[in-house]
2 protein chains.
Amino acid sequence: MSGNQRQSKRIQTRRENERLILEAAEKVFAEAGYGGATMQLIADMAGLPKANLHYYFATKEELYRTVVARIFEIWLHAAESFDNAPGPVEGIGAYIDAKMEISRRHPFGSKVWASEVMHGAPVIQDYLETTLREWTDGRIGAIQRWIDDGLMDPVDPRHLLYMLWATTQHYADFGHQIETLNGGAALDAGQWAGATETVKRIILRGIGAREIRPDLAK
Amino acid sequence: MSGNQRQSKRIQTRRENERLILEAAEKVFAEAGYGGATMQLIADMAGLPKANLHYYFATKEELYRTVVARIFEIWLHAAESFDNAPGPVEGIGAYIDAKMEISRRHPFGSKVWASEVMHGAPVIQDYLETTLREWTDGRIGAIQRWIDDGLMDPVDPRHLLYMLWATTQHYADFGHQIETLNGGAALDAGQWAGATETVKRIILRGIGAREIRPDLAK
DNA sequence: GTCTATAAATTGATAGAC
DNA sequence: GTCTATCAATTTATAGAC
């Protein structure tokens with residue numbers, strides 16, 4: 001085996017183990033909280049000896065930081081569906097679709113994010129003050145333009161954004177409560193679609209979002 | 001001093017200390033999570049030696065249970081504003097007012113509740129399956145009657161309830177994020193009023209809530 | 001009822017053989 | 001890179017003097 005092949009194998013092993021550890025960590029941090037999570041629990045769930053976790057991630061906090069950063073990336077990617085939309089029906093509609101899909105596919109990540117913010121964002125405060133603030137300001141500007149163009153009612157864009165975050169993330173963060181009230185069963189595909197449609201309908205109608213009528217455009 | 005007076009004093013001391021401990025515990029559990037909270041931290045914040053906590057509450061879990069139960073009581077009390085309302089404008093409007101006021105006045109309690117549910121409700125699962133489920137079913141019936149009476153659009157009552165919980169509790173649970181995006185300052189009285197009005201307006205308009213017109217009643 | 005001292009168990013992290 | 005054994009610090013809970 002050549003040196004290159006050996007190195008490639010080593011890199012692959014590292015990547016695979018890091019993935020195993022990060023997936024296990026995301027679940028354990030979500031279910032037990034940062035303080036309740038133990039390296040032993042994460043190691044067991046990843047199927048690795050505890051010492052190996054410390055080989056890949058020096059400290060518990062570094063592992064946690066990596067988990068939170070991954071979630072933020074997913075979150076930011078969904079935010080793109082907001083951009084380049086001609087009006088609120090398309091932009092906000094697509095954003096709700098994307099956020100609901102994330103709540104469905106990444107419930108653990110959403111919970112870790114919620115927990116981090118609830119505890120005062122000790123690890124990702126810099127993200128809140130830079131990336132998130134910039135994104136928020138940009139979207140507030142976009143919503144204000146839609147209002148100015150008469151495409152929706154004049155509602156406070158900031159609080160509208162909070163409503164979008166709250167309603168969509170609720171299905172992940174409070175998923176256990178929703179499941180209990182659903183007779184102990186997780187929402188099926190139809191129920192997820194129904195939830196998404198209800199949220200979209202109430203919010204879009206609530207802000208008086210109007211379709212763009214090309215025939216009426218000047 | 002008579003025996004009665006002595007006993008009364010003792011009861012008063014107990015009540016006062018329990019209050020001190022519970023307030024400190026609510027704050028520490030909210031900010032550090034169950035696993036991150038330590039009896040030492042709670043004792044320091046309450047201004048009592050750690051051993052005294054164990055005198056009043058045998059275990060950390062018993063103290064936590066008491067904190068969560070207190071929040072649930074406050075939560076249930078606010079739910080009453082939903083009842084005996086003639087229509088959705090009054091009922092849902094008053095409910096949003098009450099829930100927003102709780103988010104403002106009991107942010108720690110809201111966070112402890114959110115954290116408990118996010119971690120699978122290990123301590124209050126029985127509340128979810130009994131009291132909360134009954135309350136939810138009752139309110140779904142009330143909303144359905146409003147729909148049948150033509151007082152609002154036919155939206156899924158269950159998802160409407162989730163939207164009400166999500167939007168109002170978001171201002172407590174994600175208060176730190178909102179504060180950061182508000183330039184690092186907590187919302188002032190005017191901003192809280194603005195948030196409440198925006199939430200009410202979007203939801204009430206979103207469900208097509210109509211005022212009861214007595215002159216049109218049969 | 002209050003408080004100091006301490007027991008018993010757990011946890012994050014590391015040493016060192018393989 | 002992997003894994004066993006172990007250290008050092010922390011934490012819940014209690015014993016026992018006052």
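So you know, we letter chains A, B, ... as the sequences are listed, proteins then strands, and number each from 1.
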Find the distance I42(A):CD1 to dT11(C):C1' and express it as a whole number of Å. 12 Å

Note: E18(B)-R14(B) ion pair, threshold 4.0 Å (strictly below): yes

Show your reasoning for whether ring-ring contact (aromatic ring centres under 6.0 Å, His included) applies to Y171(A) and H159(B). CA-CA 10 Å; Y171(A) 283 88; H159(B) 294 302; 5.8 Å; yes

Gap between atoms CG and P, on N52(A) and dA15(C) respectively (whole Å): 16 Å

Could you tell me the separation between the CD atom of E16(A) and the P atom of dT2(D), rounded to a whole number of Å? 11 Å

Atom-to-atom span, CG of L20(B) to P of dT2(C) - whole angstrom: 11 Å

When the distance from CG of D44(A) to P of dT4(D) is rounded to whole Å, what number comes out? 12 Å

Nearest whole angstrom, please: distance from the C1' of dG12(C) to the CG of L63(A). 12 Å

So, Y34(A) versus E116(A): side-chain donor-acceptor pair below 3.5 Å or not? no

Take T167(A) and Y162(B), measure what side-chain contact (heavy atoms from CB on, under 4.5 Å) needs, and give me the verdict at the end. CA-CA 8 Å; T167(A) 49; Y162(B) 296 161; over 6 Å; no

Between Y56(A) and dT2(D), is there a contact of a side-chain N or O with OP1 or OP2 at under 4.0 Å? yes

Is there a donor in the side chain of D173(A) and an acceptor in the side chain of S110(A), or the other way round, less than 3.5 Å apart? yes

Going 5' to 3' through nucleotides 11-18 of chain D and flagging B where a protein heavy-atom sits under 4.0 Å of the base, S where only the sugar-phosphate is that close, and - otherwise, we get SBBB----

Mind checking whether W113(B) and W165(B) have ring centres under 6.0 Å apart? no

Which parts of residues 22-32 of chain B get close to DNA chain C, meaning a heavy atom less than 4.0 angstrom away? none

For this output row, return yes or no: ring centroids of Y95(A) and W135(A) closer than 6.0 angstrom. yes

Donor + acceptor pair across side chains of H176(B), Q125(A) (<3.5 Å): yes

